[in-house]
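I have placed the structure first, in the form of structure tokens, so that the comments after it can refer back to it.
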Amino acid sequence: MLRIFYPNECADSAYVIDYKALYEQGYKGLLFDIDNTLVEHGANADERAVNLIKDLRDIGFKICFISNNHEERVKRFNKDIKAKYIYDANKPLKKSYYKALKLMGTKPSNTIFVGDQLFTDVWGAKRAGLKSFFVKPIGPEKEIQIVIKRYLERVVLYFYRKEKRYYKI
Ligand SMILES: [Mg+2]
């Protein structure tokens with residue numbers, strides 16, 4: 001039952017994923033959550049984030065941000081990056097993921113999602129048919145509902161890791 005929440009891949013950070021290898025495997029679109037995935041919650045894009053997106057574009061990727069946060073926050077993050085973006089995305093609903101694919105001109109089968117929350121980010125990406133990377137959050141959690149979600153995530157991840165060891169899923 002918990003399997004519906006399992007990510008395809010886990011990574012320590014959005015900054016350590018081997019994107020070049022993914023591109024060579026045929027992936028052409030990258031869809032990123034922003035808060036706690038690329039920068040701390042609410043922070044502006046820093047040099048590391050700007051450089052990552054620049055490098056990814058140089059590889060050939062189409063980039064889009066997908067955030068449940070409001071327009072001002074997403075626009076502010078995107079100011080120097082100028083990628084496509086979707087705010088108030090209502091993840092885990094599929095609609096915004098499909099919208100993002102349309103903006104990038106990619107398909108679920110050649111697009112990767114990267115995010116830090118299982119029950120919004122990863123679940124939504126999975127429902128939309130995208131490959132998902134679940135990354136460790138960058139900053140500390142402040143909102144209580146996210147703190148609670150983190151406990152539940154740990155339960156899912158416990159079983160995910162256990163099964164992965166036994167069945168190599
Ligand atoms: Mg996030």
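Small disclaimer: the values here were computed from a predicted structure and weren't measured. These values consider heavy atoms only, across backbone and side chains, with no hydrogens, waters or symmetry-generated copies. Counting convention: from 1, in listed order, for ligands and their atoms alike. One-based numbering along the sequence shown.
The ring of F65 has its center closer than 6.0 angstrom to the ring center of F77.
When the shell of 6.0 Å around CD of E47 is examined, it contains 12 or fewer heavy atoms from other residues, nucleotides or ligands.
Side-chain polar atoms of Y98 and K94 form no donor-acceptor pair below 3.5 angstrom.
Shown are the protein N/O/S atoms under 2.8 Å from the Mg ion (ligand 1), given by residue and atom: D33 OD2, D35 O, D116 OD1.
Taking CG of D33 as the reference point, atom CD1 of I66 lies at 8.5 Å (rounded to 0.5 Å).
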Which pairs would a plain distance check flag for residues 17-26, meaning a side-chain donor or acceptor within less than 3.5 Å of a matching protein atom at least two apart in sequence or in another chain?
residue : atom : partner : partner atom : Å
D18     : OD1  : A21     : N            : 3.2
Y19     : OH   : A14     : O            : 2.5

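Taking the charged nitrogens against the carboxylate oxygens, E72 and K75 have no contact shorter than 4.0 Å, which rules out a salt bridge.
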